[in-house]
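The block underneath contains the structure these notes are about, expressed in structure tokens.
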Amino acid sequence: VQLVESGGGLVQAGGSLRLSCAASGSPYYFLHMGWFRQAPGKEREGIACINTEDGRIVYSESARGRFTISKDAAKDSVSLQVDNLAPADTAVYYCAADGAWAPLVHQILATETSGYQLDAWGQGTQVTVSS
């Protein structure tokens, strides 16, 4: 599975961005997808994931309110809307995907303990928020 993110860039504080992620080469009928981010000097954190079979959405506690994940019309494609951006949101944003739902949720919520590796990660897209 290959993932390609787009939509990152430089934005002023208070602005919004819409990130997109498109998957290709998936062997699964349903490929569940999610977003993570990693700020400089910090650990990667989960943002949200979406079950592409039934539409369930899970947000991490820190992402509630300003982040909205959604399925795009194209198969195996999702977007992340980020509103009211702040300099603290400056990070590389990564898309990830897996054929199984539960492991992706565990990764988003940072409750994964088995060492499970998700099927695919994107290369990341930089989001920089200026004050």
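What you are looking at is a predicted structure, and each value in this text was computed from that prediction instead of being measured. Note: hydrogens, waters and symmetry copies are ignored here, and every other heavy atom, side chains too, is used.
- Note that OG1 of T68 is 6.5 Å distant from CD of Q81, once rounded to the nearest 0.5 Å.
- In this structure, Q12 contributes its side chain and S130 its backbone to no donor-acceptor pair below 3.5 Å.
- Taking every heavy atom of both residues into account, P103 and A100 meet most closely at CD-CB, 3.6 Å.
- One N or O on the side chain of T90 and one on the backbone of V129 form a donor-acceptor pair closer than 3.5 Å.
- Hydrophobic clustering (ILVMFWY, side-chain heavy atoms < 4.5 Å, transitive): I57 and V78 are in one cluster.
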Apply side chain to side chain donor-acceptor pair (under 3.5 Å) to the pair R37 and Y93, showing each step before the final yes or no. CA-CA 4 Å; R37 70 180 183 180; Y93 286 69; 2.9 Å; yes
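- Taking NZ of K75 as the start and OG of S24 as the end, the distance is 11.5 Å to the nearest 0.5 Å.
- The backbone N or O of S20 lies less than 3.5 Å from no partner atom in the side chain of E5, so there is not a single donor-acceptor pair.
- Between N51 atom CG and E53 atom CD the span is 6.0 Å, to the nearest 0.5 Å.
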Yes or no on side chain to side chain donor-acceptor pair (under 3.5 Å) for S114 and E112, after CA distance, side-chain angles and deciding distance? CA-CA 6 Å; S114 68; E112 207 288 315; 2.4 Å; yes
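- The two residues S79 and R18 come nearest to each other via the heavy atoms CB-NH2, 3.6 Å.
- Annotation: the span from Y28 atom OH to D119 atom CG amounts to 3.5 Å, rounded to 0.5 Å.
- Across S6 and T125, no two heavy atoms sit closer than the pair C-OG1, 4.5 Å.
- In this structure, the separation between OH on Y94 and CG on L118 is 14.0 Å, given to the nearest 0.5 Å.
- A salt bridge does not link K42 to E45: none of the charged side-chain nitrogens sits closer than 4.0 Å to a carboxylate oxygen.
- With contacts defined as side-chain heavy-atom distances shorter than 4.5 Å, the pair D89/V127 does not qualify.
- Linking Ile, Leu, Val, Met, Phe, Trp and Tyr residues whenever their side-chain heavy atoms come within less than 4.5 Å places L19 and V1 in a single cluster.
- Here the CG-CD1 distance, from L31 to I50, works out to 12.0 Å after rounding to the nearest 0.5 Å.
- Proximity of a side-chain donor or acceptor of K71 to a complementary backbone N or O of T52 within less than 3.5 Å is detected.
- Each of I108 and I47 belongs to its own hydrophobic cluster when Ile, Leu, Val, Met, Phe, Trp and Tyr are linked at side-chain heavy-atom distances under 4.5 angstrom.
- Cluster membership check: L104 does not share its hydrophobic cluster with W35, using side-chain heavy-atom separations under 4.5 Å among Ile, Leu, Val, Met, Phe, Trp and Tyr.
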Residues F36, W121; criterion ring-ring contact (aromatic ring centres under 6.0 Å, His included); working and verdict: CA-CA 10 Å; F36 298 76; W121 289 87; 4.7 Å; yes
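- Considering L10, V92, V11 as possible partners of T128, the one that fulfils the side chain to side chain contact (heavy atoms under 4.5 Å, CB included) test is L10.
- In terms of heavy atoms, I69 sits closest to G34 at CD1-CA, 4.2 Å.
- Residues C21 and L3 share a closest heavy-atom pair of SG-CB, 4.1 Å.
- Heavy-atom neighbours of Q126 CD from other residues, nucleotides or ligands within 6.0 Å: above the threshold of 12.
- Side-chain polar atoms of Y116 and D98 form a donor-acceptor pair below 3.5 angstrom.
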Could you please spell out the steps behind the side-chain contact (heavy atoms from CB on, under 4.5 Å) verdict for V58 and L109? CA-CA 8 Å; V58 171; L109 299 180; 3.8 Å; yes
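- Nearest approach of A23 to M33, heavy atoms of both residues: CB-CE, 4.1 Å.
- Ring orientation note: the planes of H32 and W101 are nearly perpendicular, at an angle over 60° on the 30°/60° scale.
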